[in-house]
Amino acid sequence: FLLAHPEYSIVHCHLNQWCGMVLRGAKRAGVPVRIAHSHTVLPLRGLRNVVKAFIKTSVNRHATHRFAVSPQAGAWLFGKKAQNGGRVAVLPNAIDVQQYRFNPQTRAQMRQTLGLTDEIAVLHVGNHRVEKNQPFLLDIFDAFVAAGHKSRLLQVGKPAGGGIEAYARAKPCRDSVTFLGTRRDVPALLPAADVFVFPSLSEGFPGAVLEAQACGLPCVVSDVIGEN
């Protein structure tokens, strides 16, 4: 494509460890500006993440510019030397804050739609992936319900094989867990909640947490998430 369209002078790639493969093609096609953009941080454990760590080694060879959503994400994809040496531009995720501003009418309407009365609504937004740590989320929610709190856990995100749903069905709190799947109305779901929980094992800079904060929702997040 790039050989057939030499008018393209910039390729901006957001594919994390796969950026090297894309930018290698762009380099061979003579594209002068080749940007790799890191959006995540993955721990070096598990065969899949080990393979990704190997794949990402080609990124620095083919990128002319390096972007990341956080210093942690920059160090993960480009290496600590590049991050600490000023060769990575950190561009934190940005959102339209007006879209996520708290609205009491939206809260009332959405809680009615979800069948919520006086329950403490716990919200989690994240696709069902290992690094999102949803089993632990279910564990702590189960303990919260067992302690006598009337609550509902609302999970928004793309399912992956049904494993987390099966895990939830085995929990005593199963009747208080609702899987909402992929949603386009997250700005309306946020004000309906009372607390946002995000227990990830690894992250770059999560837009979901930023959106919850913009709504004024109290957030309980893991300590792997950086300040920027």
Side-chain angles (χ1 to χ4, degrees), residues 14-19 36-57 59 67-80 82-84 88 90-93 95 122-145 151 153-171 173-174 177-183 186 189-190 193 195-213 217-228:
H14 298 264
L15 297 177
N16 295 319
Q17 72 276 358
W18 299 108
C19 285
H37 203 141
S38 179
H39 290 265
T40 193
V41 179
L42 296 176
L44 192 60
R45 59 172 178 268
L47 180 59
R48 179 177 295 182
N49 287 349
V50 170
V51 171
K52 289 179 179 180
F54 174 76
I55 293 170
K56 72 180 181 180
T57 56
V59 175
F67 292 174
V69 296
S70 69
Q72 295 90 338
W76 177 79
L77 185 59
F78 308 112
K80 292 182 179 179
Q83 178 63 47
N84 295 336
V88 180
V90 175
L91 305 176
N93 290 329
I95 62 171
V122 178
L123 179 64
H124 171 77
V125 179
N127 292 334
H128 297 176
R129 294 158 52 185
V130 172
E131 58 266 25
K132 297 299 182 182
N133 205 16
Q134 280 111 351
F136 178 67
L137 172 65
L138 285 165
D139 290 344
I140 58 177
F141 179 72
D142 193 52
F144 186 67
V145 172
S151 183
L153 174 60
L154 306 172
Q155 290 209 57
V156 176
K158 182 180 179 181
I164 192 66
E165 290 93 335
Y167 190 79
R169 287 194 297 269
K171 290 284 187 182
C173 67
R174 55 185 171 272
V177 179
T178 302
F179 290 95
L180 297 174
T182 303
R183 303 280 295 231
V186 171
L189 287 168
L190 287 167
V195 62
F196 187 87
V197 182
F198 205 76
S200 292
L201 297 170
S202 59
E203 280 290 343
F205 183 81
V209 175
L210 187 62
E211 292 165 1
Q213 290 176 330
L217 192 58
C219 298
V220 181
V221 302
S222 63
D223 59 5
V224 303
I225 298 172
E227 295 181 0
N228 58 349

May I have the step-by-step check of side-chain contact (heavy atoms from CB on, under 4.5 Å) for W18 and K52, ending in yes or no?
-> CA-CA 8 Å; W18 299 108; K52 289 179 179 180; 5.7 Å; no
Quick one: pull up CG in N16 and CD1 in I55 and give me the separation to the nearest 0.5 Å.
-> 11.5 Å
With side-chain contact (heavy atoms from CB on, under 4.5 Å) as the test, would you mind laying out the steps for N93 and I95 before giving the verdict?
-> CA-CA 7 Å; N93 290 329; I95 62 171; 5.9 Å; no
Looking only at heavy atoms, the pair that brings A68 and V88 closest together is CB-CG1, 3.9 Å
Step-by-step side-chain contact (heavy atoms from CB on, under 4.5 Å) determination, V125 to L189 | CA-CA 10 Å; V125 179; L189 287 168; over 6 Å; no
May I ask you to check whether F141 and H124 place their ring centres under 6.0 Å from each other?
-> no
What distance do W76 atom CH2 and Q83 atom CD have between them, rounded to the nearest 0.5 Å?
-> 13.5 Å
Can you tell me how far CZ of R174 sits from CG of L153, rounded to the nearest 0.5 angstrom?
-> 15.0 Å
Look only at the side chain of S151 and the backbone of V145, and say whether a donor-acceptor pair between them is shorter than 3.5 Å.
-> no
Which heavy atom of V59 sits nearest a heavy atom of C19, and at what distance?
-> CG2-CB, 4.2 Å
When rounded to the nearest 0.5 angstrom, what is the spacing between CG in L137 and OG in S222?
-> 11.0 Å
Got a donor-acceptor contact below 3.5 angstrom from the S202 side chain to the E131 backbone?
-> no
Please walk me through it: do F67 and L77 pass side-chain contact (heavy atoms from CB on, under 4.5 Å)?
-> CA-CA 10 Å; F67 292 174; L77 185 59; over 6 Å; no
So, do K56 and F78 sit near enough that their side-chain heavy atoms are less than 4.5 Å apart?
-> no
Distance-minimising heavy-atom pair for V156 and G181 = CG1-O, 3.5 Å
Which atom of L154 lies closest to which atom of L180, heavy atoms considered | CB-CD1, 4.2 Å
Under 4.5 Å between any side-chain heavy atoms of V177 and K171, yes or no?
-> no
For N133 and L201, indicate whether the former's side chain and the latter's backbone hold a donor-acceptor pair under 3.5 Å.
-> no
Would you indicate whether the side-chain heavy atoms of V51 and Q17 approach each other to under 4.5 Å?
-> no
How many angstroms lie between atom CD of Q134 and atom OH of Y167, to the nearest 0.5 angstrom?
-> 12.0 Å
Straight-line distance of H39 NE2 to L91 CG, nearest 0.5 Å | 9.0 Å
Where do H37 and V69 come nearest, in terms of heavy atoms and distance?
-> NE2-CG1, 4.1 Å
pair F179-P159: side-chain heavy atoms closer than 4.5 Å = no
Of all heavy-atom pairs linking G74 and S38, the shortest is N-OG, 4.4 Å
